[in-house]
Amino acid sequence: MKEMTPLEELRHSAAHVLATAVLRLFPETQLDIGPPTDTGFYYDFDLDHKLTQDDLVRIEDEMRKVAKENQRFERFETSREEGEAMIRKIGQERYKLGRLADIPQGEPISFYRNGEFVDLCAGTHVNYTKKLKAFKLLSIAGAYHRGDEKNKQLQRIYGTAFPTKAELDAYMEQLEEAKKRDHRKLGRELKLFHIDEAVGQGLVLWTPKGSVIRQELQDFISDELRKQGYSQVFTPHIGKLGLYRTSGHFPYYKESQFNPVVERDALERLADEGCSCSELSNHIDEGTVDGYLLKPMNCPMHIKIFDSQPRSYRDLPVRLAEFGTVYRWEQSGELSGMTRVRGFTQDDAHIFCMEEQVGAEIRGCLDLVRIVFRTLGMNDYRVRIGLRDPDSTKYTGNPELWDKAETALRDAASSLDVPHTEEPGEAAFYGPKIDFVVKDVIGREWQLGTVQVDYNLPERFELNYVGADNKEHRPVMIHRAPFGSMERFTGVLIEHFAGNFPVWLSPEQVRVLPITDDQLDFAREIEAQLKAANIRCSIDSHADKFGAKVRRAELERIPYMFVVGKNEVAEGQVTIRSRTNKGDEGSRPVAEAVARIIEAIESRELPC
RNA sequence: GCCCUUGUAGCUCAGUCGGUAGAGCACUUCCUUGGUAAGGAAGAGGUCGGCGGUUCAAAUCCGCUCGAGGGCUCCA
């Protein structure tokens, strides 16, 4: 059993005190487990009473009593039989016997006792409950026993604990701050996107301001793609079911897709025959009725473009790129703002290459992802190599090809100078992948950029090219998306910048602020000059005091304000106020001010 | 999909024991022309998420349903 850090020990002890309190208030409760987490702790309980917010308060009060009683945490070890007897004695058979059975033979079986409470537990703990000075219960959630949805759902209480009150307060403060940069809140306040229930859950409407950001990002990535020899393609949003049968997306991932669209003639014929819904479903599964699928992935379409003409080894690599919109039936409980949606646009591309080109191509993809991340100042990410889970049957293709692909990815990843972890079970169904993972404001991890090596789909679609030996060979495919999806990436970006986008991405780059209406004409001249230089700008002509105009521009996170009063008009100058350096920056000729903005845009200057 | 919480104006929220809606900000108009984060006044805006029930009477009580939030499961 690995050692716990002092903080984990404290939080784990808090979990035991939580269970102690719950058992005092609800003696019939059956306990499952209560580990520490990155940010606190939880304990899973099985009890008929539905825990409420009021209960949480009562439980927390009881926990304080337990802490005050200053109970000692005592460890004792038992044999397997004695352990079983102890669990029966304390009446916790329902889950604890199973947890006991999980402990491998030869490992010690230990219990911890504090006051009247005894729990099967590897430890470790603080010595006395009095050490718990700063803790707080946060929420109640449902959680399946052993994380399996076939098992009973237990009631989980989340809480957090710190060595001191000050640290707990600081953490709570930090949670409040994080809420302020939540992309769902900022997205509404800054009018970047809208999700409307009349349109549908998880379907994002990009408003004009959000669309500017997306367009700038797409232009940026398109420039990089041109440099790296990609070709742009466009493909439709739907394709025949048969295509996705060949690829394997349907029916293996049927549950994660929108239902197929059945052809009108077929539907009418079946209706005449009195076909039931379940029969129709069977027809679709068996392929005796055809239909169309909203595309869950772009690759089959790109494969068909590759396969639309004979290919020579001299043509390879063929790199096909598309901002391709895909649709997936995510479970309703999983949808979240822009980060988990049902329709999204990937900055997708597929590279078809020879086996000996795979390494170089993967490195090219990884470079691209890193250019994107560096340009946006996103340094807080981790790299995950997703390998297949040897015990799962969800993967297609033969093991030798998988081994080759996994080796190729590992080699490429180790040539990166960033730390990475290998995680079995994180592969795509057709191949292993390298993912770039970032955290959102509430600590949830999201996969953004991804590079995947695929030996399977070329096999399933029987792709070929003619080699130098004049024989047919099978290409290898690489799937990659440096942003992942425009929706998720933009959502994460909103939180990353807290709405303070770099000038090149800002929906409005300059706001011209006349001090009084007398300067409106001059302001219009400046606006014209800015527009001529392709700078996004507007004039604030509200009948407000100047301070109110500044406030409005600040709240809208506009990076630069050009202030014009009667002095500026007389001199033909503007006074700049920047978002990062608030206050008067002095006045300068208009042309110079415009040049400064252009420089900030072209250098893709990051906000400090 | 499951558990818990939640749904009143564009936004943030108030609305006691059931008696058919209120504030601030934003918006419109008028006054004000003010030098770096809120000048003043007036006005407009809601079938209280939807459907059904109980009641003389429902934002308020009950049922169902839709959406949102936090988890769990899932994420090709």
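Numbered from 1 within each chain, the chains take letters A, B, ... in sequence-line order. The model shown is predicted, which means the values in this text are computed figures rather than measured ones.
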Query raised in the report: Is any side-chain N or O of A/Gln201 closer than 4.0 Å to OP1 or OP2 of B/rG67?
Result: yes
Query raised in the report: Does B/rA59 have a Watson-Crick or wobble mate here (both distances under 3.5 Å), and if so which one?
Result: none
Query raised in the report: Testing A/Arg99, A/Lys152, A/Arg146, A/Arg94 for salt bridge (charged side-chain N to carboxylate O under 4.0 Å, His left out) with A/Asp32, which one passes?
Result: A/Arg99
Query raised in the report: Would A/Arg460 and A/Ser247 satisfy side chain to side chain donor-acceptor pair (under 3.5 Å), going step by step from the backbone distance to the final call?
Result: CA-CA 6 Å; A/Arg460 296 182 79 102; A/Ser247 69; over 6 Å; no
Requested in this report: Pick base, sugar-phosphate or nothing for A/Ala141, based on heavy-atom distances below 4.0 Å to the nucleic acid.
Outcome: base
Query raised in the report: What interatomic distance, in whole Å, is found between P of B/rU16 and the corresponding atom of B/rC61?
Result: 9 Å
Query raised in the report: Roughly how far apart, to the nearest Å, are B/rA21 and B/rG39 at atom P?
Result: 34 Å
**Report entry** Note: A/Arg382-A/Glu423 ion pair, threshold 4.0 Å (strictly below)
**Finding:** yes
**Report entry** Sugar-phosphate only, base, or nothing, as touched by A/Tyr430 at under 4.0 Å among non-hydrogen atoms
**Finding:** sugar-phosphate
Query raised in the report: Is A/Asp285 salt-bridged to A/Lys254, going by a charged N under 4.0 Å from an acidic O?
Result: yes
Query raised in the report: Using a cut-off of 4.0 Å on non-hydrogen atoms, how would the nucleic acid contact of A/Gly333 be classed: base, sugar-phosphate, or nothing?
Result: base
Requested in this report: Please confirm whether the backbone N or O of A/Pro296 pairs with a side-chain atom of A/Arg328, one donor and one acceptor, at under 3.5 Å?
Outcome: yes
Report task. Give a yes/no answer on whether the side chain of A/Tyr158 brings an N or O atom under 4.0 Å of OP1 or OP2 in B/rC72. Result -> yes
Query raised in the report: Do A/Gln153 and B/rC2 share a donor-acceptor pair, side chain to base, under 3.5 Å?
Result: yes
Query - Salt bridge present between A/Glu585 and A/Arg596 (N-O < 4.0 angstrom) - result: yes
Query raised in the report: When you check every protein heavy atom under 4.0 Å of nucleotides 32-41 of chain B, what one-letter string (B, S, -) results, 5' to 3'?
Result: BBBBBBBB--
Query - Under-3.5 Å donor-acceptor pair between A/Arg340 side chain and B/rC75 base - result: yes
Query raised in the report: Whom does B/rA23 pair with, Watson-Crick or G-U wobble, provided both distances fall under 3.5 Å?
Result: B/rU12
Query raised in the report: Salt bridge check: are A/Asp540 and A/Lys549 linked by an N-O gap of less than 4.0 Å?
Result: no
Report task. Summarise protein proximity over nucleotides 43-49 of chain B in one line of letters, 5' to 3': B for base, S for sugar-phosphate only, - for none, counting protein heavy atoms closer than 4.0 Å. Result -> -------
Got a list of protein N/O to nucleotides 8-16 of chain B N/O distances below 3.5 Å?
| residue | atom | partner | partner atom | Å |
| --- | --- | --- | --- | --- |
| B/rU12 | OP1 | A/Arg188 | NH2 | 3.0 |

Query raised in the report: Within the structure, does a side-chain N or O atom of A/Arg444 lie under 4.0 Å from either OP1 or OP2 of B/rG71?
Result: yes
Query raised in the report: Which is true for A/Arg328 with a 4.0 Å heavy-atom rule: it touches a base, it touches only sugar-phosphate, or it touches nothing?
Result: base
**Report entry** Nearest-Å distance once atom P is located in both B/rC66 and B/rG50
**Finding:** 15 Å
**Report entry** Sidechain N-carboxylate O distance under 4.0 Å for A/Arg58, A/Asp55
**Finding:** yes
